[in-house]
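The structure displayed is predicted, hence computed values, not measured ones.
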Amino acid sequence: MKNNLRNIIVFFINFILKINVNLAVFLSTSISTLLYKQKIISNFDGEDWIYTWGKSSIVTDQTLYSPKAVERLKSLFFFDYHPTHNDIIFNIGADNGLEIETFCEKVGPHGKVYAIEPNPDCCRRLKKLQQILNLNNLVILQYAIGENEEDLILSNSENSIESQIINEDVTNNKEHFKVNQISFDKIIKQYEIKKIDYVKVNIEGYETNFLEGYRYLQPKVKNFCIGCHDFLSPPKKTFDTVKSWLIKNDYQINFYKNYKKLEIFEKYYIYGKSKT
């Protein structure tokens with residue numbers, strides 16, 4: 001019922017947006033504040049929605065936004081790792097960066113957060129967020145991460161978990177985009193990374209491709225948080241492979257259990273903590 005009501009509200013605001021931007025922004029601000037029981041200020045810059053609550057902000061394509069989504073993600077990503085000042089974090093598959101502000105705040109001015117995201121729309125939003133919040137310790141890299149270096153065509157789906165590699169000529173197709181795929185080993189070498197405290201991976205079923213591109217294990221990642229996608233239909237069976245890889249490379253594994261009722265995707269997150 002709640003989802004149906006929200007979908008109706010989103011449809012209505014998007015309809016109003018085509019007629020009167022100021023009215024749509026007013027409605028988004030008012031309804032978001034009412035639904036989520038805290039003051040949320042909405043703005044629309046012609047491309048993206050910008051939401052501000054307290055000292056926090058997010059840039060997204062969503063007409064309504066709940067800060068509770070950020071809190072749940074923080075619980076998920078920090079379940080088996082707690083960032084501290086000077087840490088080096090890689091956020092692989094950053095999407096719109098719901099967790100970026102927290103990552104940057106926790107590592108401090110002398111830490112670094114590398115946000116890797118292939119989607120150009122998401123990268124645009126990340127750059128806006130970086131400017132709004134003055135995130136000087138954030139590095140945004142527009143790459144796909146895989147086992148080798150090559151050019152790929154990816155789908156530009158409204159639902160990020162449905163993004164996939166397209167094996168056909170899609171020149172001038174606005175529903176797809178071309179991006180350079182690069183291995184994690186190449187990123188480490190290119191940016192002269194000396195230590196890696198934490199890597200969060202959420203790349204829609206290509207988790208094993210990422211691991212195949214991390215052949216040298218130098219420097220060794222201290223903490224992994226890897227979202228697998230066996231729940232997709234058709235499923236991308238990576239959970240067992242990721243689990244085996246972590247065990248083989250001397251990681252202590254753990255699983256998310258912070259809520260009594262887990263969302264389906266939360267059940268497929270695997271944490272790895274280096275034993276060495």
Side-chain angles (χ1 to χ4, degrees), residues 3 6 10 28-29 32-33 35-45 47-83 87 89-107 111-135 137-142 145 156-163 198-204 223-229 256 258-259 262-266 268-269 271:
N3 286 336
R6 188 183 187 283
V10 167
S28 179
T29 294
S32 292
T33 298
L35 286 179
Y36 306 120
K37 297 180 175 60
Q38 67 182 104
K39 181 62 177 178
I40 301 171
I41 299 174
S42 308
N43 192 19
F44 183 72
D45 66 2
E47 291 180 307
D48 304 305
W49 285 91
I50 302 166
Y51 295 94
T52 302
W53 63 99
K55 295 181 179 179
S56 298
S57 295
I58 193 68
V59 183
T60 179
D61 55 348
Q62 297 180 31
T63 305
L64 288 178
Y65 187 74
S66 169
K68 292 181 180 179
V70 176
E71 294 305 313
R72 182 129 188 177
L73 284 180
K74 283 160 60 175
S75 174
L76 178 64
F77 297 147
F78 298 153
F79 176 70
D80 204 39
Y81 159 78
H82 303 284
D87 278 3
I89 288 178
F90 277 86
N91 187 353
I92 299 176
D95 196 56
N96 290 326
L98 302 186
E99 65 279 5
I100 287 293
E101 179 182 358
T102 302
F103 283 166
C104 290
E105 177 187 357
K106 295 292 186 181
V107 304
K112 193 74 72 177
V113 176
Y114 293 87
I116 303 178
E117 169 58 47
N119 190 304
D121 292 333
C122 291
C123 286
R124 180 188 71 239
R125 296 178 192 121
L126 288 170
K127 290 174 182 176
K128 289 179 182 179
L129 183 66
Q130 182 179 39
Q131 185 175 16
I132 291 168
L133 296 175
N134 194 30
L135 302 177
N137 55 357
L138 174 64
V139 178
I140 302 167
L141 304 176
Q142 188 179 339
I145 293 292
N156 194 8
S157 171
E158 290 183 4
N159 186 341
S160 61
I161 67 170
E162 295 177 357
S163 296
Y198 177 69
V199 173
K200 185 228 83 179
V201 181
N202 184 14
I203 49 178
E204 289 77 56
N223 297 276
F224 273 114
C225 172
I226 302 177
C228 299
H229 290 73
Y256 188 60
N258 233 28
Y259 285 83
L262 297 182
E263 298 287 344
I264 183 65
F265 72 92
E266 294 173 330
Y268 289 94
Y269 266 83
Y271 305 90

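- One N or O on the side chain of Ser28 and one on the backbone of Thr63 form a donor-acceptor pair closer than 3.5 Å.
- Taking the side chain as every heavy atom from C-beta outward, Lys106 and Asp87 never approach each other to under 4.5 Å.
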| task | Using the side chain to side chain donor-acceptor pair (under 3.5 Å) rule, take Tyr51 and Ser56 through it: C-alpha gap first, then chi angles, then the decisive distance, then the call. | result | CA-CA 8 Å; Tyr51 295 94; Ser56 298; over 6 Å; no
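- The CD1 atom of Ile145 sits 4.0 Å away from atom CD1 of Ile116, with the distance rounded to the nearest 0.5 Å.
- Atom OH of Tyr256 is separated from atom CD of Glu266 by 5.0 Å, given to the nearest 0.5 angstrom.
- A donor-acceptor pair under 3.5 Å is absent between the side-chain atoms of Gln131 and the main chain of Lys128, judged by distance alone.
- Proximity of Arg124 to Glu47: side-chain heavy atoms (C-beta onward) are separated by under 4.5 Å at one or more points.
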Test log, rule ring-ring contact (aromatic ring centres under 6.0 Å, His included), inputs Trp53 and Tyr36: CA-CA 11 Å; Trp53 63 99; Tyr36 306 120; over 10 Å; no
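- Classified by interplanar angle (parallel below 30°, tilted 30° to 60°, perpendicular above 60°), the ring pair Tyr81/Tyr198 is parallel.
- Considering all non-hydrogen atoms of both residues, Ala94 and Glu99 come closest at O-OE2, 4.2 Å.
- Between Cys225 and Leu76, the closest heavy-atom pair is SG-O, 4.4 Å.
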Run the numbers on Tyr65 and Leu98 for side chain to side chain contact (heavy atoms under 4.5 Å, CB included), then give the verdict. CA-CA 11 Å; Tyr65 187 74; Leu98 302 186; 3.3 Å; yes
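- With Asp95 contributing its side chain and Gly97 its backbone, the two residues share no donor-acceptor pair below 3.5 Å.
- Closest heavy-atom contact between Ile40 and Ser32: CD1-O, 3.7 Å.
- Using a cutoff of 4.0 Å between basic side-chain nitrogens and carboxylate oxygens, Glu71 and Lys74 are scored as salt-bridged.
- Using a 4.5 Å heavy-atom cutoff, the side chains of Lys112 and Ile89 are not in contact.
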What's the verdict on side chain to side chain donor-acceptor pair (under 3.5 Å) for Lys200 and Asn91, showing C-alpha distance, side-chain angles and the deciding distance?
CA-CA 5 Å; Lys200 185 228 83 179; Asn91 187 353; 2.6 Å; yes
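- Looking at heavy atoms from C-beta onward, Asp61 lies in side-chain contact with Arg125 at the 4.5 angstrom threshold.
- With values rounded to the nearest 0.5 angstrom, His229 atom NE2 is found 11.5 Å from Ile264 atom CD1.
- For the pair Gln142/Pro118, no side-chain contact is recorded, criterion being any heavy-atom separation below 4.5 Å from C-beta on.
- If you take CG on Leu135 and CD on Gln130, they are separated by 6.0 Å, rounding to the nearest 0.5 Å.
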| said: One pair to check against side chain to side chain contact (heavy atoms under 4.5 Å, CB included): Asn223 and Asp80. What are the steps and the verdict? | reply: CA-CA 8 Å; Asn223 297 276; Asp80 204 39; 5.6 Å; no
Candidate pair Val139 and Val113, rule side chain to side chain contact (heavy atoms under 4.5 Å, CB included), full reasoning
CA-CA 6 Å; Val139 178; Val113 176; over 6 Å; no
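- Residue Glu105 holds its CD atom at 10.5 Å from CG of Asn137, rounded to the nearest 0.5 Å.
- A side-chain contact (heavy atoms from CB on, under 4.5 Å) with Ile50 is found for exactly one of Val59, Thr60, Ile41, Ile58, namely Val59.
- Side-chain contact between Tyr269 and Ile226 is absent, with no heavy-atom pair separated by less than 4.5 Å.
- Distance alone, capped at 3.5 Å, is enough to place a donor-acceptor pair between the Glu117 side chain and the Asn119 backbone.
- Using a 4.5 Å heavy-atom cutoff, the side chains of Arg6 and Leu64 are in contact.
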*asked:* Evaluate Phe79 against Tyr271 for ring-ring contact (aromatic ring centres under 6.0 Å, His included), listing each step before the verdict.
replied: CA-CA 9 Å; Phe79 176 70; Tyr271 305 90; 5.5 Å; yes
Starting from the C-alpha separation in whole Å, work towards a yes-or-no answer on side chain to side chain contact (heavy atoms under 4.5 Å, CB included) for Phe78 and Thr102.
CA-CA 10 Å; Phe78 298 153; Thr102 302; 3.3 Å; yes
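- Distance CG/Leu133 to OG/Ser57: 5.0 Å, rounded to 0.5 Å.
- For the pair Leu35/Ser66, no side-chain contact is recorded, criterion being any heavy-atom separation below 4.5 Å from C-beta on.
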